[in-house]
2 protein chains.
Amino acid sequence: MSEQWNKGRLATAAVVLPEGTTPTGTQGRVLHAALGLFAERGFHGTSIREIGAAAGINSATLYGYYSSKELVLAELVLVGHRELHRRLLDAVDGLTDPVEKLTALVRTHVFAHTDFSLLAVVTNSELHVLSAELAAPALALRAASEQLLLDVLADGVFDVPDARLAARAIGGMGQRVGNWFGPGQDHTREQVADAFVLFALRLAGVRA
Amino acid sequence: MSEQWNKGRLATAAVVLPEGTTPTGTQGRVLHAALGLFAERGFHGTSIREIGAAAGINSATLYGYYSSKELVLAELVLVGHRELHRRLLDAVDGLTDPVEKLTALVRTHVFAHTDFSLLAVVTNSELHVLSAELAAPALALRAASEQLLLDVLADGVFDVPDARLAARAIGGMGQRVGNWFGPGQDHTREQVADAFVLFALRLAGVRA
DNA sequence: GTCTATACGACGATAGAC
DNA sequence: GTCTATCGTCGTATAGAC
């Protein structure tokens, strides 16, 4: 499912959620509506009435699916973190060579941020709104994803002054992709991924 | 001026603004209060009453200094962009060697994000709230700062597949520093800057 | 400059009919 | 499942006294 949207803190991008693992029907429309609005205006900048209108239902009907606005955000944030973590796990599954692993992780990270840029923005920039209890599952997934990169970088094959700083640098450059990648921009997702893989390998001291 | 603060989307950091170029007295307290609250809860998550309380004045008194909440944010966003741009200009002033220029830019960029992490976070993540008119001056400064990096990277000495993608990558890794750097973390600002300079040089194809 | 008091619209959420 | 109607609260901003 997709829809064009006009944003503000990000490039124009389609409102897309991972398929198969997210609700369909009215509940799915609610999630998509909330995703677009949260990405554009932020959680506190979006009202329950606006979400309802964008989903084609009355705001009161929303409460049949989610008992608070915060729970809508919690679901989006969890979906985003789950999708990224699942993809990263799949990407390194079966690989043994550290360079191949780093390549796969960066490539996958970039694609997650190009293919689901709105979800990435919401997931990264609105998580802080959630209560500690609601944020916890997402934070655990985030820590696990970071550890995946950290383990690869600490493998010994690479030449970095500090694996944690290298992980922060690589993670940061990938995370920002969600803020600028979009249709009105002249690089393909593959070009970005290829370039960022090269950057990450060089950054980690791999000589081509 | 500084004060401890407890956040959520960023590490614990002091509420600091550049000195000399920002208001003092009550107006200064308003700006500092707003900076801490906007960083922690976001613009829409912060009320005029909370800003007043944190500044030690009644919310109505605020309107003697700023005629709307949006104008408070606009000033912070402008201060942040102005400070970064000024520092970047100073950093490369007089330099001719491209490698030295890139080194100075990255180092300065990192320091701006370690020394004014709250301002960096607000500046980068709440700018989208402003109307086009109020955002314009900050966006112009941002474009100028990006161009500074782009010009250096396009100098010919470096080996990158695409200077714009390299600039995005370097900018992204630096920008994220504001979200995790803080007192409760075991790297000094110099360690971060040294590491990120090395990363940026390698990324740009400079062999050490 | 700073306060108290207040206007008034928008907010999240609920009750109850269909 | 979805609606209309509404509750109580909190939002930004202003008026006017001191």
Side-chain angles (χ1 to χ4, degrees), chain A residues 1 8 22-78 122 126-135, chain B residues 1 8 22-77 122 125-135:
Chain A
M1 190 185 292
T22 47
T24 54
T26 304
Q27 190 173 358
R29 290 208 316 278
V30 168
L31 277 185
H32 281 83
L35 173 58
L37 288 163
F38 289 166
E40 182 186 358
R41 313 184 190 176
F43 177 79
H44 288 300
T46 302
S47 75
I48 283 284
R49 288 170 173 81
E50 289 171 319
I51 299 174
I57 56 171
N58 189 281
S59 67
T61 307
L62 255 163
Y63 290 88
Y65 300 97
Y66 297 97
S67 51
S68 77
K69 191 174 81 161
E70 194 184 5
L71 285 174
V72 179
L73 176 61
E75 171 134 350
L76 287 172
V77 166
L78 188 55
V122 168
E126 302 293 333
L127 190 150
H128 70 103
V129 171
L130 295 176
S131 68
E133 293 74 28
L134 286 174
Chain B
M1 190 184 294
T22 47
T24 56
T26 304
Q27 189 172 359
R29 291 208 317 279
V30 168
L31 277 185
H32 281 82
L35 173 58
L37 288 163
F38 289 167
E40 183 188 356
R41 314 185 188 175
F43 177 79
H44 287 301
T46 302
S47 76
I48 282 284
R49 294 186 226 265
E50 289 172 320
I51 298 174
I57 57 170
N58 189 282
S59 66
T61 306
L62 254 163
Y63 290 88
Y65 299 97
Y66 298 97
S67 51
S68 76
K69 190 174 81 161
E70 192 184 7
L71 285 174
V72 179
L73 175 62
E75 172 133 349
L76 286 173
V77 165
V122 169
S125 67
E126 302 292 335
L127 190 151
H128 69 102
V129 171
L130 296 176
S131 69
E133 292 74 28
L134 287 174

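Only a predicted model underlies this, so the values are computations on that prediction, with no experimental measurement involved. All chains are named by letter (A, B, ...) in the order of the sequence lines, taking the proteins before the strands, and each is independently numbered beginning at 1.
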Tyr63(A) OH to dT14(C) P, straight-line distance once rounded to whole Å: 7 Å
Would you kindly compare Ile57(A) and Arg49(B) by the position of their nearest DNA chain D nucleotide and give the one closer to the 5′ end? Ile57(A)
Tell me: CG of Asn58(B) to C1' of dG11(D), nearest whole Å? 15 Å
Looking for any heavy atom pair under 4.0 Å, which part of the strands does Ser59(A) touch: base, sugar-phosphate only, or nothing? nothing
What is the separation between atom NE2 on His44(A) and atom P on dT12(D), rounded to the nearest whole Å? 12 Å
Below the 4.0 Å mark, does dT2(D) have OP1 or OP2 next to a side-chain nitrogen or oxygen of Thr26(A)? yes
With a non-hydrogen cut-off below 4.0 angstrom, is Tyr65(A) in contact with a base, only sugar-phosphate, or nothing? sugar-phosphate
Heavy atoms under 4.0 Å, any strand shown: does Ser47(B) hit a base, just sugar-phosphate, or nothing? sugar-phosphate
For Ala60(A) and for Glu50(A), locate the closest nucleotide of DNA chain C by heavy-atom distance; then report the residue assigned to the nucleotide nearer the 5' terminus. Glu50(A)
Can you check the Ile48(A) CD1 to dT6(D) C1' distance for me, whole Å? 16 Å
Could you check how far CZ of Arg41(B) sits from C1' of dG11(D), rounded to whole Å? 15 Å
For Ile51(A) and dA13(C), what is the distance between atoms CD1 and P respectively, to the nearest whole Å? 10 Å
Starting from P on dT2(C), measure out to CD on Gln27(B) and report it in whole angstrom. 11 Å
Test item: Tyr63(B) and Ile48(B) side chains (from C-beta on) under 4.5 Å apart, heavy atoms: yes
Tell me: OH of Tyr66(B) to C1' of dG1(C), nearest whole Å? 16 Å
Would you indicate whether the side-chain heavy atoms of Ile51(A) and Phe38(A) approach each other to under 4.5 Å? yes
